[in-house]
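Report on one structure; see the data block that follows.
Model, not experiment: these values are computed from the prediction.
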Amino acid sequence: MKKTISALLAVATVAGSLVSVAPAAKADGGRIAAGVAGGLIGGALLGGAIAASRPAPAYGYGYAPAPVYVEEPSCRIVRQRVWDEYRGVWRSRPVEVCD
């Protein structure tokens, strides 16, 4: 909370000093550059103060978990020919074969 209040106080101080010191911008003869430069500098100071008042994201310093190797299952599905006595024909069906 103290950081936020001090950042806002710093922003208000910088903004007040820029307003009191910067001359009024006029478009007479293309002399608008002072107003644009003052606005850019003030915006950069204000944005920097706001960004500095926010805490940094809490990313942990660590390592990725170790890779896990999984063995292939020793069983597999194979199509096998089977005699169908009801119909009197050979059929193929999936059968699980384990090594």
Side-chain angles (χ1 to χ4, degrees):
M1 187 71 181
K2 289 181 183 180
K3 285 184 180 181
T4 305
I5 292 173
S6 63
L8 291 176
L9 184 62
V11 168
T13 304
V14 170
S17 66
L18 287 177
V19 169
S20 64
V21 175
K26 295 182 181 178
D28 295 339
R31 291 182 297 221
I32 197 167
V36 172
L40 289 175
I41 292 171
L45 290 174
L46 182 67
I50 291 173
S53 68
R54 294 185 183 162
Y59 296 117
Y61 295 103
Y63 299 98
V68 177
Y69 298 102
V70 180
E71 293 184 19
E72 295 277 334
S74 60
C75 296
R76 63 186 187 280
I77 305 244
V78 180
R79 298 209 50 93
Q80 186 178 29
R81 285 183 49 169
V82 178
W83 176 253
D84 186 1
E85 292 183 12
Y86 180 72
R87 294 194 175 127
V89 292
W90 285 97
R91 298 217 172 236
S92 65
R93 66 179 186 147
V95 177
E96 185 177 17
V97 177
C98 296
D99 294 332

(Q) Per the disulfide (SG to SG under 2.5 Å) rule, what does the pair list look like for residues 65-97, sequence neighbours excluded? (A) Cys75-Cys98
Q | Partners meeting salt bridge (Lys or Arg N to Asp or Glu O under 4.0 Å) with Arg93 (sequence neighbours left out) | A | none
Q | Side chains of Ser92 and Arg81, donor plus acceptor under 3.5 Å | A | no
Q. Can you check side chain to side chain contact (heavy atoms under 4.5 Å, CB included) on Val95 and Val78, steps first, answer last?
A. CA-CA 5 Å; Val95 177; Val78 180; 5.7 Å; no
